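So you know, we letter chains A, B, ... as the sequences are listed, proteins then strands, and number each from 1. Remember, it's a predicted structure, so these values are computed and weren't measured experimentally.
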Amino acid sequence: MRNVSKSFGGVPALSGVDFDVRGGEIHALLGANGAGKSTLMKVLSGAYEADEGTVDIGGASFVFRSPADAKAAGIHCVYQEVDTSLVAHLSVSENIFLDRIASSSGDKWVKWGKLHEEARQLLRRLGLATLQPRTLVRDLTLSEKQLVLIARLLAQEAKFVILDEPTAPLSIEETEKLFVIMKGLKAAGIGVIFITHRLHEVFEVCDRVTIMRDGQRVLTEPASNMDAAGIVRAMLGRSFEEEFSKVPATIGETVLSVTGLEAGNRVRGVDLEVKRGEIIAVVGLVGAGKTELSRALFGADPVTKGAVAVAGREVRLRSPADAVQAGVALVPEERRKEGILVKSSVLHNLTLPTLRAMSSFGWMSGKKERGFANDQIRDLGIKTSSANQETGYLSGGNQQKVSIGKWLGTQTDVVLFDEPTKGVDVGAKRDIFRIIGTLAQQGKGIVYLTCEFTEALGLADRILVMCDGKIVKSFARGEATQEDLLYYASAGREEHA
Amino acid sequence: GCGKNDEKASASSNPLAGKKIALIMRLNTGTFSAQYVDGVKKQIAKFGGEVTVLGSDNDLGKMTTNLESAVNQKFDGILLDHGDPNALTAGVNKAIAAGIPVVAFDSALNGVEGVTNLAQNDQKLAEFTLEKLAEEAGGKGNIVKVWVAGFPPMESRQISYKAFQGKYPDIKEIAAFGDASNPQLDTQNKLEAVLKQYPNKGDITAVWASWDEFAKGAANAIKQAGRDEIKVYGIDLSDEDLKMIQDPTSPWVASAAVDPASIGQVQVRYLYQKLNGDKTDSVVELEPVFVSRDMLPTDKVITTADLSQYVEGWGSSDLGNTDVLKQLETDVAAK
Amino acid sequence: MKKHLMPFTFKYGALLFIGLVIIFFSFQNEHFFTYNNITDILRSISIVTFVAIGVTIALAVDGFDLSVGATMSLSTVVTATLMVWYELPLVLVIVIPIVVGAIVGLLNSLLIVRIRIPDLLATLAVMYIVNGIHKTYTKGYSIYNNMPLSDGSTAPGKMREDFLWIGQGKLFGVPFPVILMLIAVIAMHLFFKYTRWGRQLIMTGGNEEAARLSGLRVKRVRTYAYIASGIFAAIGGILFAARIGSGQIDAGAPYLMEAVAAVFVGYSVFAAGRPNIIGTFVGAVLMGVMVNGMTMMNIDYFKTDIARGIVLVLALAVTFIHHNRKKA
Amino acid sequence: MKKHLMPFTFKYGALLFIGLVIIFFSFQNEHFFTYNNITDILRSISIVTFVAIGVTIALAVDGFDLSVGATMSLSTVVTATLMVWYELPLVLVIVIPIVVGAIVGLLNSLLIVRIRIPDLLATLAVMYIVNGIHKTYTKGYSIYNNMPLSDGSTAPGKMREDFLWIGQGKLFGVPFPVILMLIAVIAMHLFFKYTRWGRQLIMTGGNEEAARLSGLRVKRVRTYAYIASGIFAAIGGILFAARIGSGQIDAGAPYLMEAVAAVFVGYSVFAAGRPNIIGTFVGAVLMGVMVNGMTMMNIDYFKTDIARGIVLVLALAVTFIHHNRKKA
Ligand SMILES: Nc1ncnc2c1ncn2[C@@H]1O[C@H](COP(=O)(O)OP(=O)(O)OP(=O)(O)O)[C@@H](O)[C@H]1O
Ligand SMILES: Nc1ncnc2c1ncn2[C@@H]1O[C@H](COP(=O)(O)OP(=O)(O)OP(=O)(O)O)[C@@H](O)[C@H]1O
Ligand SMILES: [Mg+2]
Ligand SMILES: [Mg+2]
């Protein structure tokens, strides 16, 4: 790709980027949130039309106007936003072969039997033998959806393959399987572009690394020439230690206690206790039930059994509104869908839970609102042109900060964080940890649900390991290693399987 | 005859009692329709029968369907209201082949053997009011026409209107509009615009409204604008309309109509003549009646039921009555 | 320069367009731009504006309310029968239809919020039901002063003079329905812009799940929105009865489409691309101006539909061409 | 046990419900379940089924087409004038209205796909325009054999006998429109289920972005969908003219809501929760059965509207209560 530029509504996302991939290599594309990685790949795969620049393949120069053009040139992509590329109410097979059905050549009639059979074989290659090709995609988990998209890739005759943060929702085993597949593609002479925020994965599979910052390419080097610190420095433009400077907080009385909580299919009897000022991490593999636990504690999903007490008072949480009243807040996992309103301004998002406090006799006070919003923007370091900016245009990390910031005006005793660092770059991640530390210092109880064990080890006062809907083990700070956590998180699973 | 009714009839002394009649209507809302349905229902009740109303929401396709399902359900007799010959001929033939007598009102089914067609003379209705308008205006002036095409009676009235324009070249049409979907208020709003356009007294002599729903809207607009020099001439007459014409402050001064209730009554009588096996005329003309304010009492408010006392030819129609039918009424009443 | 021009035409394009339409008609006919005619136009749109405000509120929470026309019909006949059949005092004559409208709204929200039938489907079904109810209630008759009843007697009551004044009277030389309409437009605009509840409606419409997870009682908010929609439709019905002085059957049917058209034109005002009260009002004004102006020009009634459609397309095109260019 | 029962009632609940309605009517009236009456019911729904197929296709690509009623009206009068005014041969009498319908569809897609006006808004505007055009074309008159023309002469032609047979004739004892309808339903069902183009439509409707990213030219697909919608509405109009033997003004207006209702009931058939051809057909049958059965029971025609609305609610409730319970 040569000299690619692209801007959105006057704001440049890419400016004059050159990027090259060779057949038969795995090329890591790295950068902070909003660096322009996805945008570059969308240009390469024809999803966006570049304002400037060309794509050269084997000497010929192309300008892709649609994904169809890019596919004709042998470029296929698994996009970061999984749901944008799946049709929820269609079957797994049809989603796998979406490109084939969408093409204007080939069979005019759809032969369902054949299609399902081919899908079954592809799924087996990915180690998903249990997944029925006839299942509707809307009934799948996020990781299964991601794997369906990877299966779709395997069904193509590609020359170049783009994987935009495919490992974010995958478990460790699934990630390993994906790496095997990526190596297979590489061996077949296909060029693979791999985007991730997990640096150790880069060293595991990648041959070369390209790093982007603020819409520009910073460097391209063989992976063997780089180390993690160097990558982070290049990404952020400054040196940075990925460390968890845990702020000490005084631990007080119990603020949240949960006994025998059951909800949905995945929460099967959870006991939990959080004290003021304490950060409790709940770790588990993908699918352990962390998200459902957080939703149940927030009243977002119905609770079938069990008791919850906040600040010593027994509460029944029928809706999130009840939870907020009881003093519980949730920063949900899927921020674009659940955490923020993408079409509303930053200001409106930030003041949404505190409308009552921002108004008197029902009338909104513009001054109070602006004051609060500007405070949050300053304190949390939200990068936005103004409080009136549409939130959807912020980068992922900044959206996450808005999703956290809106709770800071409420009288909360307990804050639940569900994977708040997913898809967030290291700089923003550090900001988020800082905010969490401050909240703990203020005497709030924190529940931090994550599948990143290092984060739990660095941040938490206590770590609970969740497996198959139950808390199977509890560690105090400094007691556990990453291996211990992994052991209990997966051993528990074997026990129950 | 069909077997089922013989059993029913045996319950009553008179073989004509206990008949099941279908009334198939094209338009089924509004006071005119409601009064017409009432006329039909009352007369059939007097004959000891039972009536089913099949409305068609102004959809001829639905009307055809209704006719066909009435034949399938083996009604004893079928009444049609405001049909259309192209749409209904096939169905009517089917009914007659099945031995079900049909009497139609304003449906122009004259080409079909065995059907009695009641018709109100729409051209004459229009003529009456237009002549009155010309007379009161002294044969000249500016008028507003409220009319809409697409309905057979409207199109007949338009023929008279054309003739009227030819006859009185000094009467000029300065505006024309009309919308059947929201007849009253749309007319009111549009006429208000026209009144603003011609703001001086004497700019507009009269409004000719080809339908009472239009006339009501026109009268309201004029009254509310205080332009009482403009008179409204309408067509059709329901109780509601009558009240407006009687009101001395209302601009609506005259209308021409056939009593909707008596249309229903006469139609039923002809159907029962057929059921009795009588030979009936294939065309029956219902004479329209002209009603203007000066014919009506000023001391009390009347309804269309009392109108016959003041206006000759209204509602008193004994048309279609026979001795057999009178006997039937007494038999049923006696039971 | 060009960069500045674009957002301007984008934001004010629709208003400019309406201005041009008004200027055009003013040149066509000297009587068009007179105080009396302007107030007439405003009076003629007062009913549709109320219905359209209802539609706007429902759309603000991302729900389409197809039942407003039927609700208006029901309210019209109920209003009239309360006076003609039952001779009730003015307060009840106004309050009862509003309560009826609220009940229809409640039924809608029950189906949509509780049973979770999609909005278009639920309100379509309710439209059928309410249409059937209002005709069954009057047996297909329109309601008017001292109407004959089916038992042969005449109805005891008349439409009250003080009631008719609501639709026909003037206050300080301004038709009373126009005053009511302006109050409603301003109040609802302020409501959406400056009150907590208005904000809750808008946020719920923006993303219901995110709003719920921010602690809003979204079900309650949506319920209120449909109830408000029903109430505004009912007010439209009351005004209709007061304006024509009788209770017409099916009076509301044509108002559904008119109201929706006004709301949609409103999307393009200030380039909102969303339902908004001021836009709705401007949309209603545009429609009223078109009808009035074209009647004055004595344009065939069937051609006015074409003109109306084209104006709608142009107004929308102005908004959405830019709207999407911005995004793409 | 309970677990198995739920999905069953969920999936077949709506069908079961329709079966019960039919059984109920059969017991109420001996004439109901007869060959003649059944074919009559099917014939009575043939027109609305064609229009509803058009609506279904548009909804399949997630687009609402409010203009189908107007397109049907236009097609009806065009068909009639081709015979009555111009005495054209049968082929042209059928082909020209279909082309006209396709043009309306093209106009819709132009506004929606190119100018990107939201579907409801664009098709509402086109509805106004097409309504105006069809009335302007005939100056508001309905078209019938040898009608008088405005110049005082009479029209030269009549509705052709072979044309009328399309709407009124029988083949092997089955009304011809019923045969046409069944062919259309089966063909469109196969089209959606087994052809690449059908799947492309469904894909586009399911997630336009995903379809686009898979290399589908979604704009083209959506354009075709609106054109198809226009064509089916036009066929509805042709059938209407053939059925009633004249060209009525505004004939299509009531068919919009009826078609939409049929499509919506169809959502609940097999618990699809989405537009689907078989569901649409079943929905149309249910509506036809209800009207026919209730007139047989001598239910007041006003009350049939209430019943229709309630049936719609029940059918939808069966689907969506489960649909959402599953998700929640
Ligand atoms: N459709 C769009 N409209 C407006 N701005 C956009 C759009 N897509 C991306 N951007 C902006 O372009 C910039 C680059 O975004 P991009 O998605 O390429 O980042 P990224 O490097 O993939 O980040 P992440 O690691 O969070 O996925 C960001 O500032 C983003 O806000
Ligand atoms: N409504 C739903 N339909 C289908 N799958 C669901 C639904 N809700 C949750 N899941 C899936 O169930 C699995 C377990 O639930 P949960 O999300 O609580 O796990 P988790 O431990 O939080 O995993 P993750 O790391 O993916 O967030 C997840 O993979 C989730 O995607
Ligand atoms: Mg990205
Ligand atoms: Mg989770």
Side-chain angles (χ1 to χ4, degrees), chain A residues 41-42 45-48 64-73 75-79 81-91 93-112 115 136-139 145 148-149 152 155-156 162 263-264 295 300-302, chain D residues 3 7 10-11 59-62 113 118 187-225 266-276 279 319-320 322-328:
Chain A
M41 292 303 106
K42 282 181 180 167
S45 63
Y48 288 159
F64 297 142
R65 300 204 175 281
S66 72
D69 294 347
K71 281 181 200 290
I75 300 173
H76 292 270
C77 183
V78 173
Y79 295 97
E81 301 88 358
V82 174
D83 286 319
T84 58
S85 0
L86 291 167
V87 185
H89 68 91
L90 296 183
S91 65
S93 333
E94 204 171 352
N95 270 289
I96 292 177
F97 294 107
L98 209 60
D99 294 36
R100 188 191 294 175
I101 294 167
S103 80
S104 48
S105 57
D107 285 349
K108 292 185 173 52
W109 295 90
V110 179
K111 299 188 184 71
W112 289 107
L115 204 68
L136 300 187
V137 161
R138 67 163 176 238
D139 296 330
K145 286 179 185 169
V148 166
L149 287 180
R152 182 189 291 173
Q156 312 292 336
I162 303 163
R295 287 177 63 88
D301 288 338
Chain D
K3 268 211 157 160
F10 173 46
K11 189 147 186 187
L59 277 170
V61 297
D62 200 24
V113 178
M188 288 314 295
H189 174 68
L190 295 179
F191 171 81
F192 272 116
K193 182 112 201 200
Y194 293 108
T195 72
R196 196 174 70 210
W197 304 287
R199 299 317 293 180
Q200 291 180 349
L201 282 175
I202 289 179
M203 232 188 249
T204 306
N207 183 345
E208 183 171 348
E209 184 61 10
R212 191 178 79 89
L213 293 177
S214 288
L216 190 62
R217 307 212 178 264
V218 288
K219 289 189 176 182
R220 198 176 297 170
V221 170
R222 298 183 73 204
T223 303
Y224 288 144
Y267 276 35
S268 54
V269 174
F270 304 126
R274 313 208 75 246
N276 67 99
T319 304
F320 286 96
H322 285 285
H323 211 68
N324 294 306
R325 192 164 294 158
K326 213 176 86 189
K327 267 201 215 152

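No side-chain heavy atom of A:His89 sits less than 4.5 Å from a side-chain heavy atom of D:Asn207. At a threshold of 4.5 Å between non-hydrogen side-chain atoms, the residues D:Arg217 and A:Ser66 count as touching. Under the 4.5 Å side-chain criterion, counting only non-hydrogen atoms from C-beta, A:Ser85 is not in contact with D:Glu209. The shortest side-chain heavy-atom distance between D:Met203 and A:Ile101 falls under the 4.5 Å cut-off. Using a 4.5 Å heavy-atom cutoff, the side chains of D:Ser214 and A:Arg100 are not in contact. Side-chain atoms of A:Lys111 and D:Tyr194, non-hydrogen and from C-beta on, never get closer than 4.5 Å to each other.
Counting only residues at least two apart or on different chains, the salt bridge (charged side-chain N to carboxylate O under 4.0 Å, His left out) pairs with a member in residues 193-206 of chain D are A:Glu94-D:Arg199.
At least one donor-acceptor pair under 3.5 Å links the side chain of A:Lys71 to the backbone N or O of D:Leu213.
More than 12 non-hydrogen atoms from other residues, nucleotides or ligands lie less than 6.0 angstrom from CZ of D:Phe192.
Ranking A:Ser45, A:Ala72, A:Cys77, A:Ala68 against chain D, the residue ahead of the rest is A:Ala68, based on heavy-atom pairs under 4.5 Å. For the set A:Val87, A:Leu90, A:Asn95, the entry with the most heavy-atom pairs within less than 4.5 Å of chain D is A:Val87. For the set A:Asp83, A:Val110, A:Asp69, the entry with the most heavy-atom pairs within less than 4.5 Å of chain D is A:Val110.
Contacts of A:Ala88 with chain D are absent, with no heavy-atom separation under 4.5 Å from either backbone or side chain.
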